[in-house]
Amino acid sequence: MNKFPDNFLWGAATSAHQVEGNNTLNDWWQAEVNLALKEASGAACDHYTLYAQDFAIAQELGHNCHRFSLEWSRIEPQAGVFDLAEIEHYRQVIRELKNRGLEPVVTLHHFTNPVWFSQFGGWSKFKLRKYFLRFVKRIVPEFAHEVKYWITINEPLVYSSHAFLLGRWPPQQKSLLKTVKVTLNLAGAHIQAYRMIHRIYREKKLNPPQVSIAANLQAFEICQPNWRNKLAVYLRNKLYNFYFLDLLNSKKTLDFIGINYYGRNLVDVENWRLSNLLAQTCGHNHHPLPKNSLGWDIYPQGLYKLLLTVKKYNLPVLITENGICTEDDDLRWDYIRQHLAVILKAYTEGVKIFGYIYWALLDNFEWAEGFSPRFGLVHVDYGSKKRLIKSSAWKLAEVIKGKQGVDGS
Ligand code: FCB
């Protein structure tokens, strides 16, 4: 039966650019206009207008929290110029959540940057970090009374590698040096933002906030057992999964561990080159697993192992994202149920997990992949913008309400 604690956080996530629509002032929109990407985000889900309706759905589904991001480019459309109407918009968003009993989990940076920031040079310049910190300093006091949970930066390593190494995301560069610089810059930004947010709460005599990042953790598994693959798994765990968390933890700038988990990365490396060691995966579908519609391997056991590994930090854990894109909603429910089952197992074995946030509340704009991958608990008709709650969402609601176990009981 369902033994999740009574005060467990249950919810789903979105990010501004993926759902709001018409985020014309950020670097993604600019790349979309320049036809540098497969699809343009356009009006997306029009969540900017329809947020109240979407939160009503989340409430109906039994959620008690919601993760979303503030769009920096809306709030600060020009360097140093803050748009009060946009600040007011997000105040309404947070108010709507609170009125519906949904605890806000607020992300400050979810992959997008204001155009002016990227034109100045973006995250590859250390000295520009100050602009992000100025934004944090301006916006956090606005919502400090309402918000307890802050995610400073979403998936820093996914951002730095996709934007500066693989050349897939704006600014579409391919430089190892810049990737390293951006990663270090994001780490520095988090550390300073963490301290700043805590200072703001202290000055306002508020209870301390809970601040973290959302770390993308992958289950790196060996395909053929050989030394090269073992070394590759070791390196990938060290660099991609734990480098950032270890660093921030050593600076005491994590109040909890935010984990985004999707699945397995099957490691098979054909030579000793660093680029192969760090990135090559099995191209032969050895050890096949069910996959999502983007071909990612579904592997709940991987989450279980990672949860036991993060026990070393002795910090509370929040699943900040976990989800599947598929047209097959039964598969979605299987995915959710299996992941909840390992979360419950890890919880009963002492991992201090305090919440589960499904990615995503709505079908949405999946970055360079466009609109075809459907991750939502709620179907969005992109023409009419009509929402349709999927049956997996109702099944999750039964678990949340304690009426159904994750083992089918
Ligand atoms: C994560 C991102 C999120 C979404 C999911 C599928 O890497 O944080 O915005 O795109 O993947």
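What you are looking at is a predicted structure, and each value in this text was computed from that prediction instead of being measured. Counting convention: from 1, in listed order, for ligands and their atoms alike.
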* Go through ligand 1 atom by atom and flag the ones less than 4.0 Å from a non-hydrogen atom of Phe375. => 6 (C)
* Asked: Do the numbers put Arg228 on top of the ring of Trp272, so that NZ or CZ is under 6.0 Å from the six-membered ring centre and no more than 45° off the axis?
  -> yes
* Within a reach of under 6.0 Å around OH of Tyr234, are more than 12 heavy atoms found that belong to other residues, nucleotides or ligands? -> no
* **Atoms in ligand 1 flagged as close to His110, the criterion being non-hydrogen separation under 4.0 Å** => 2 (C), 3 (C), 8 (O), 9 (O)
* **Nitrogen or oxygen atoms of Trp367 and ligand 1 under 3.5 Å apart** => yes
* **Atoms of ligand 1 close to Gln18 [distance to a heavy atom under 4.0 angstrom, numbered from 1]** => 3 (C), 4 (C), 9 (O), 10 (O)
* Asked: Is it the case that more than 12 heavy atoms not belonging to Tyr347 sit under 6.0 Å from its OH atom?
  -> no
* Asked: To which protein heavy atom is atom 10 (O) of ligand 1 closest, and what is the distance rounded to 0.1 Å?
  -> Glu366 OE1, 2.6 Å
* Asked: Any side-chain donor-acceptor pair under 3.5 Å between Tyr335 and Asn322?
  -> yes
* Asked: Are Thr320 and Arg67 linked by a side-chain donor-acceptor pair shorter than 3.5 Å?
  -> no
* **Single hit among Leu362, Val378, Thr14 for side chain to side chain contact (heavy atoms under 4.5 Å, CB included) with Asp54** => Leu362
* To do: Around atom 5 (C) of ligand 1, find the nearest protein heavy atom and jot down its residue, atom name and distance.
  => Tyr262 OH, 3.2 Å
* Structure fact -> re atom 3 (C) of ligand 1, the protein heavy-atom contact at minimum distance is Glu321 OE1, 3.5 Å
* Donor on one side chain, acceptor on other, Asn237 and Tyr243, under 3.5 Å -> no
* Non-hydrogen atom of Asn154 closer than 4.0 Å to ligand 1 -> yes
* Are any of the N/O atoms in Glu155 less than 3.5 Å from those in ligand 1? -> yes
